Amino acid sequence: MSIYDTLNEQQREAVYQTEGPVLILAGAGSGKTRVLTHRTAYLIEEKGINPYHIMAITFTNKAAGEMRERIDKIVGFGSESIWVSTFHSSCVRILRRHIDRIGFDTNFTIYDADDSKSLMKDICKRLEIDTKIYKEKSFLAAISSAKDELITPTELMQRALTSSDYAKRKQAEVYREYQEALHKNNALDFDDLIMKTVELLQSDPEVKNYYQERFHYIMVDEYQDTNTAQFELIRLLAGKYQNLCVVGDDDQSIYKFRGANIYNILNFEKHFPDAKTIKLEQNYRSTQNILNAANSVIANNVGRKSKTLWTANDEGKKIDFEQFNTGYEEADYIARDIAGGVRNGDYHYGDYAVLYRTNAQSRLFEERFIVSNIPYKIVGGVNFYARKEVKDLLAYLKTIDNARDDLAVRRILNVPKRGIGATTVNRVSDYAESYDISFYDALKRADEIPSIGKAASKVKPFVNLIQVFRSKLEFISISDLLREVIEETGYVKELEAEGTDEAEARIENIDELLSKVVSYEESEEHPTLSGFLEEVALVADIDSLEDDSDYVVLMTLHSAKGLEFPKVYLAGMEDGLFPSYMSITSDDSSEQLEEERRLAYVGITRAMKELTITCAKQRMIRGETQYNKVSRFVKEIPLELLGGKAPVVSRKESDSSIENTWNVKPKRMTMRQQPSGQSMQARAFASVHTKEEKLPYDIADRVLHTRFGEGTVVAIVEGGRDYEVTVQFDTVGIKKMFASFAKLKKL
DNA sequence: GTTAAGTCCATTTTT
DNA sequence: TGGACTTAAC
Ligand SMILES: Nc1ncnc2c1ncn2[C@@H]1O[C@H](COP(=O)(O)OP(=O)(O)OP(=O)(O)O)[C@@H](O)[C@H]1O
């Protein structure tokens, strides 16, 4: 029996249909991703295709890794030479080789959202735009959607000129400036990665030919969420052999807000007239009840491609629907339910996922889970690599690696404080501009810049520091380099001295960064600093999910796409939250509501065995209490599928008592890679320090600090749970710290 | 140039 | 509610 016998008939057809354009259109859990994996294996194993000629595009880096792994399990060889990656990573790979042909240096830097924003701020300042009226964010949004549609600054300007909209013209102008600035910095933003690749392939026949000849077979997962630029990219790459297989579900298109164009999938047969369409109809993931619920919700959308979806699985339990008075009770219920399920041996923590519409909702669950000692991991929110402390240290590494990223250099020039302020930065910047050199090169010539005067003496040590690191680069490992950066800059020391929970969380993140460097070094045969920085630039939070770890996963519905869990909670199912207030009130409300409904469909279909839907009558949203009705999507589920342990009854006895027991606040930053519940809780409690009755020192006493050395106490302020002590140190100056952290010794 | 206090304002979703 | 940004004081 071959492995292809584990597929059903339609799936097998999709696997065997290797030639020409193919659209696999199918509902959730029908094995689309599985088909792609087997199809790739089939190409290699049965068709004798060289893995080198196969490209597979996935939605996340994690999915790419998994696909490669599974192919490897089936075929046993060659999987490493298949091109499996996301759109963004693929483009970076192509551009690193060939972008010089369109006027960039191949070691361009990639700007993340933060970087783009600071660049935009500069530009608005330069163009004297009143950012109270025209917001940076709105410019960035306009530029981003232009790029998703492959619209150049010139084209945008032309469009703007035909309308009399002043704002549009401003946008086009800013777009042009923004692109020029990026070019000058030899940088690309996220959307550029795709657009520039398309530009490259369109303008350079040689490069286009090279890649067309490389990719004989191309496959794209989650095709319903591709945008116009990505479509064009695929069309170009597949232009020669036309062996393009796309896989998707129009009912799961949920990324319109970032440019996804559902017509890519709806019109696939028009784009590729000889396309073969294959539909998969059997769902292997969920129980009948769950599938029925999902089907009845999505049936309320119009203009869908017709699809059947059935399952041979059991009917399963009814969907547990619970309404609570507050979000606290909701979180409490879910926490108890999980704890109970694990206690009974029904599930492991890792079988559970809590899904919600907005990241802000994670907070209540986090607080509750800490109290209940439930191990969890929050996916999403602020990307790990976007956190201040991580970005600071990465900026050091970037600057050491090559100081061409002006933004990175500027970021760390005064971190830690070196007494270099905005004025100096601007003057150096002007100087760099007028001599057409990089910011860092200008810093090196600080003495020659007349306008900065004595500030030059402050810049010198910084440049020296970087040069010293550079000279070490070839002798020490990346992790040791990072350790030295941390040591020399006193970054962690400073945080330690702060002594707050937040600072502690930042230190943990820095440790985490260190271990990521170490694991990069271990995984790579020839680890390089540039290689590490590259890897780090495009990771999404979801990539850090580990399958074999035993923790409850909390994430937004968007992040959950493509995943599955034995038991799923859909929390906050309230009108105004989900569907969101924005979608209900906007002027193209019906369209937006359909997208929200698709999101609900995605959420419901993540569940394999059990689904719990919860909502709260009242909920705190940005400091205000909102009263919400049960989500319309819940009402679209037939009543007979719903059950509930305590449906729609208010539970008096738990009213206020719950809120009052919640006094353990989680740290401000979500920890990465939640360890076991036990140590998590231990740490959470460890941060609640007890105030000492009386301090062993007083104002004007001489004291000793483990890091800062000797100093004199200048002030002691009694705070809520601790004393805040201000000390004038002999060497490092004045520092404020909490007594219980600083552990000062009286001399 | 740095820091503390004070004001405004926005909240979907993210590679 | 709290984060981002501005203003005022050191
Ligand atoms: N022929 C099959 N026999 C047994 N199990 C299958 C079969 N096909 C798929 N499955 C299982 O069904 C589940 C869903 O498969 P997969 O993730 O590939 O679906 P999908 O269509 O990509 O889902 P989604 O659209 O939700 O991303 C997986 O657990 C997979 O192992």
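What you are looking at is a predicted structure, and each value in this text was computed from that prediction instead of being measured. Note on naming: letters A, B, ... go to the chains in the order of the sequence lines (proteins, then strands), and numbering restarts at 1 for each one.
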Starting at [atom1] of [X] and ending at [atom2] of [N], how long is that distance when rounded to a whole Å?
{"X": "A:Tyr581", "N": "B:dT12", "atom1": "OH", "atom2": "P", "answer": "11 Å"}
{"X": "A:Asp225", "N": "B:dT15", "atom1": "CG", "atom2": "C1'", "answer": "11 Å"}
{"X": "A:Lys135", "N": "B:dC9", "atom1": "NZ", "atom2": "P", "answer": "7 Å"}
{"X": "A:Phe231", "N": "B:dT15", "atom1": "CZ", "atom2": "C1'", "answer": "20 Å"}
{"X": "A:Asn414", "N": "B:dT2", "atom1": "CG", "atom2": "C1'", "answer": "9 Å"}

What is the nucleic acid contact for [X], judged by heavy atoms within less than 4.0 Å: base, sugar-phosphate only, or nothing?
{"X": "A:Ser559", "value": "sugar-phosphate"}
{"X": "A:Glu596", "value": "base"}
{"X": "A:Asn61", "value": "nothing"}

Would you say the ring centroid of A:Tyr111 lies under 6.0 angstrom from that of A:Tyr178? no

Under 5.5 Å between ring centres and under 30° between planes: true for A:Tyr255 and the base of B:dT13? no

Is any side-chain nitrogen or oxygen of A:Lys117 closer than 4.0 Å to OP1 or OP2 of C:dA4? no

Scanning both residues in full, the closest heavy-atom pair of A:Asp148 with A:Gly259 reads OD2-CA, 3.5 Å

